Amino acid sequence: MSNHPIMLDEIRQQPQVLRRAFEENAPIIRELAQQFIAHRPTLIAFCARGSSEHACLMARYLFETYAGVPTTVINPSVYTRYGAPVNFKGAWMIGVSQSGGAADVAHVLGQAGRSGALTLSITNAPDSIVEKAALHRMHCCCGEEKCVTATKSYLSQAALMAALAAACGEGLKADIDALPGAVEAALGLEDQVIAAARQLAGHEEIFLLARGHASTVCKEMELKLQEACAIHAHGYAVSDYIHGPFALTGPRMAYIMIAADPATDEETLALYQRMKAERGIKALGIGPAKQAGQFDSAIVLPDHLTGLPGTFAAAVILQLLTCHIALCRGLNPDHPEGVSKHTVTL
């Protein structure tokens, strides 16, 4: 196995991927924003699986916070297995699939369109079944993603939906413009990441905790650590962790906490202090120096990386961390055992 996996190359391509995706999708983003203003949707629904669904979870925060529209992530089985005739008239349905081959996502897009929804696909595969099922189309502009463990397609999906939310609402545009630079800054912290990976590689169970849109990154990295590192990983929003999973807290597990969002950092840091005082845990923090310095160890972000740019930077840090933990454990993150790049469900 190579010590320079494809996954690492694809993580490092992400600043250019985001710049290309923003440029090439600018016309459709403007068109959809005009439609949003002219015919404000009653609901924005998302349909996706795996990493694509985690990108949609981030989009939910942004559309609700900045565009003021309620959102949901729908369950494809309602339509493909139970045959429910759900009426989406007046809504938007956004179907997201890296490969474009998700048959259930294509099915939902088709049914939603027939019931009166505006439909949008976001894929990395022109002319795929998911793209053909939607009236409007956005492309991730990633080039071929060879690594089974998705990185650049996930980040591009999240960035494109964030850009669309910014165009439909107010108060987010500057953060969108900052995202490629935030990703570049995170890539410059790889030495810190490698040191953290060596400390974490021996653990068989890792909890990832944050609040707000950063919590959606925890769910994505739960999946990455499971598939690439064969680690029992658990991603939670801080607000959910205290409702039951806190009972599992103990020093034998590893903890990673993101504190890079002024709107939510207070709760994240308070939970860490409680876990440390009551259960004797240690945690790796990811955030600017003021927040990160409160943890036992930290990957320190530049001070300007807070809010959404901080969340994207943390996502890249955790992608790198996953890759290096896998290498420390003697695993190949490009081809996790039993996992396929193109998984089809219906």
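When a residue number appears, it is its place in the shown sequence, counting from 1. This structure is a prediction, so every number in the text was calculated from the model and none was measured.
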Exercise. Which pairs, with at least one residue in residues 297-326 and sequence neighbours excluded, count as a salt bridge (charged side-chain N to carboxylate O under 4.0 Å, His left out)?
Worked result: none
Problem set entry | Pairing residues for Arg20 by the salt bridge (Lys or Arg N to Asp or Glu O under 4.0 Å) criterion, not counting sequence neighbours | none
For this session: Could you tell me which residues satisfy side-chain hydrogen bond (donor to acceptor under 3.5 Å, both in side chains) with Arg329, sequence neighbours excluded, listed by chain and number?
Result: Glu204
Problem set entry | Those residues that, when tested against Gln291, pass side-chain hydrogen bond (donor to acceptor under 3.5 Å, both in side chains) (two or more places apart) | Asp265
Exercise. Restricting to pairs with a member in residues 148-161, which pass salt bridge (charged side-chain N to carboxylate O under 4.0 Å, His left out), not counting sequence neighbours?
Worked result: none
For this session: May I have all residue pairs that pass salt bridge (charged side-chain N to carboxylate O under 4.0 Å, His left out) and include part of residues 243-262, sequence neighbours excluded?
Result: Glu205-Arg252
Exercise. Quick one: salt bridge (Lys or Arg N to Asp or Glu O under 4.0 Å) partners of Glu170, sequence neighbours excluded?
Worked result: none
Exercise. In chain order, what residues pass the salt bridge (Lys or Arg N to Asp or Glu O under 4.0 Å) check against Arg19, with sequence neighbours excluded?
Worked result: Glu184
Exercise. Mind checking what makes side-chain hydrogen bond (donor to acceptor under 3.5 Å, both in side chains) contact with His139, not counting sequence neighbours?
Worked result: Glu131
Problem set entry | All pairs passing salt bridge (charged side-chain N to carboxylate O under 4.0 Å, His left out) where residues 286-296 contributes a residue, at least two apart | Lys276-Asp296
For this session: Applying salt bridge (Lys or Arg N to Asp or Glu O under 4.0 Å), name anything that partners Lys132, two or more places apart in sequence or on another chain.
Result: none
Result block: side-chain N/O donor-acceptor pairs under 3.5 angstrom for residues 27-37, not counting sequence neighbours:
none

Exercise. Taking the six-membered ring of Tyr236 as reference, does the NZ or CZ atom of Arg211 fall below 6.0 Å from its centre and within a 45° cone about the axis?
Worked result: no
